[in-house]
There are 2 protein chains.
Amino acid sequence: MPKKVKISPEIIEMATLTKAMSHPVRLYILQKLAHMNTCCYSGDLVDELPVGRSTLSQHLKELKYAGLIQGETEPPYIKYCLNRENWDRARSLFNELFSESEIMVTEGRIPGTQ
Amino acid sequence: MPKKVKISPEIIEMATLTKAMSHPVRLYILQKLAHMNTCCYSGDLVDELPVGRSTLSQHLKELKYAGLIQGETEPPYIKYCLNRENWDRARSLFNELFSESEIMVTEGRIPGTQ
DNA sequence: AAATCATTTCGTTATTTTGCGAAATAATGG
DNA sequence: CCATTATTTCGCAAAATAACGAAATGATTT
């Protein structure tokens with residue numbers, strides 16, 4: 001009986017995030033925004049990253065599409081910042097994925113030892 | 001002055017992980033292994049997932065390549081389990097990325113834990 | 001209105017990914 | 001040794017991704 005499972009919306013959601021995060025340039029941007037706790041401009045990024053303007057623009061578009069960043073237009077620049085709400089959502093999904101299974105450690109003991 | 005930055009090995013490493021995690025089927029497998037705290041067989045997975053055997057095999061191969069899972073041959077089956085060491089490493093990289101602009105991790109421990 | 005600046009969209013090319021079924025492997029049972 | 005079972009590799013097609021330069025857009029300044 002091939003009891004096919006429907007892949008949950010949560011997993012689909014997470015796959016959208018991981019896909020957006022699956023390129024070094026995009027990860028670099030996210031890390032910069034998250035750790036510097038700041039926003040930045042496309043022009044700054046193109047100066048420090050090894051890709052052309054149009055390519056960078058594509059990467060920013062993908063991050064925007066996944067909801068991880070947002071761009072405020074601030075003529076003549078566009079200021080890109082983390083989308084805090086979705087970033088927190090992503091954090092929570094990753095925390096859930098990496099959380100140890102419920103039936104786990106009770107008092108520091110490593111299961112299977114002793 | 002276009003001071004081009006070299007993308008750090010850590011980011012490259014993480015991009016390998018996110019790429020491996022960027023497909024719903026692969027995420028499903030990882031989630032199952034992590035949460036059920038168990039191993040599983042290709043045959044079980046192909047019964048519950050909406051892909052063919054050869055496609056599933058490809059996905060398993062990619063997860064193996066990224067180091068997230070490992071397969072122990074247990075004739076006539078192959079038992080797939082999380083690679084705990086790399087899974088922990090992944091957790092730590094993600095924690096670092098999502099940590100609120102704190103100090104960076106150099107060794108295994110995440111600041112603020114334990 | 002024309003020139004300038006930052007950025008995006010378009011059109012193209014090369015590469016990678018996803019998926020499948022058929023054939024190949026590897027191990028076991030008759 | 002042949003058949004069976006579990007899984008992987010191969011060969012292929014379709015789609016998606018990544019990258020670039022050129023052209024287009026939008027806003028400002030001259």
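Each chain gets a letter, A, B and so on, in the order its sequence line appears, and its residues count up from 1.
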Rounding to a whole Å, what distance do you find between Tyr80(A):OH and dA6(C):P?
15 Å
Residues touching DNA chain C, which here means a heavy atom under 4.0 Å, drawn from residues 11-25 of chain A
none
Output all residues satisfying disulfide (SG to SG under 2.5 Å) with Cys39(A), sequence neighbours left out; order by chain, then residue number.
Cys81(A)
Between atom CG in Leu63(B) and atom P in dT18(C), what is the gap in whole Å?
11 Å
What residues form a side-chain contact (heavy atoms from CB on, under 4.5 Å) with Thr55(A), not counting sequence neighbours?
Val51(A), His59(A)
Can you find a pair of side-chain heavy atoms, one from Asn95(A) and one from Asn95(B), that are under 4.5 Å apart?
yes
Taking the side chain as C-beta and beyond, is there a heavy-atom pair between Ile29(B) and Leu49(B) under 4.5 Å?
yes
Could you give the side-chain donor-acceptor pairs of residues 15-24 of chain A under 3.5 Å, partners two or more places apart or in another chain?
residue  : atom : partner  : partner atom : Å
Thr16(A) : OG1  : Ile12(A) : O            : 3.1
Thr18(A) : OG1  : Met14(A) : O            : 3.0
Thr18(A) : OG1  : Ala15(A) : O            : 3.1
Thr18(A) : OG1  : Met21(B) : O            : 2.9
Ser22(A) : OG   : Lys19(A) : O            : 2.7
His23(A) : ND1  : Val25(A) : N            : 3.0

Do the ring planes of Phe98(B) and Phe94(A) sit parallel (below 30°), tilted (30 to 60°) or perpendicular (above 60°)?
tilted
Tell me every residue that passes salt bridge (charged side-chain N to carboxylate O under 4.0 Å, His left out) with Glu74(B), counting only those two or more places apart in sequence or in another chain.
Lys79(B)
Whole-Å distance between dT8(C) C1' and Leu45(A) CG?
15 Å
For residues 56-72 of chain A, which residue pairs qualify under salt bridge (Lys or Arg N to Asp or Glu O under 4.0 Å), counting only residues two or more places apart or in two chains?
Arg26(A)-Glu62(A)
Where along residues 51-60 of chain A does a heavy atom fall under 4.0 Å from DNA chain D?
Val51(A), Gly52(A), Ser54(A), Thr55(A), His59(A)
Could you pick out which residue, Lys61(A) or Tyr77(A), lies toward the 5' side of DNA chain C when each is mapped onto its nearest nucleotide?
Tyr77(A)
Pairwise disulfide bond (SG atoms under 2.5 Å apart) hits with a residue in residues 46-78 of chain B, at least two apart:
none
Could you give the start and end, 5' to 3', of the contact zone on DNA chain D for chain B, using atoms under 4.0 Å from its heavy atoms?
dA6(D) to dT9(D)
Between P on dC5(C) and CG on Asp47(A), what's the gap in Å once rounded to a whole number?
15 Å
Rounded to the nearest Å, what distance is computed from the CD1 atom of residue Ile29(A) to the P atom of nucleotide dT7(C)?
12 Å
Less than 4.5 Å apart, side chain to side chain, heavy atoms only: is that true for Leu82(B) and Leu30(B)?
yes
Summary of protein contacts for nucleotides 25-30 of chain C, nucleotide by nucleotide, where a base hit scores B, a sugar-phosphate-only hit scores S (4.0 Å, heavy atoms):
--SS--
For Ser57(B) and Ser54(B), indicate whether the former's side chain and the latter's backbone hold a donor-acceptor pair under 3.5 Å.
no
With ring pair (Phe, Tyr, Trp, His ring centres under 6.0 Å) as the rule and sequence neighbours excluded, what pairs involving residues 60-81 of chain B come up?
Tyr41(B)-Tyr77(B)
Sequence neighbours excluded, which residues qualify as side-chain contact (heavy atoms from CB on, under 4.5 Å) partners of Ser8(B)?
Glu10(B), Ile11(B)
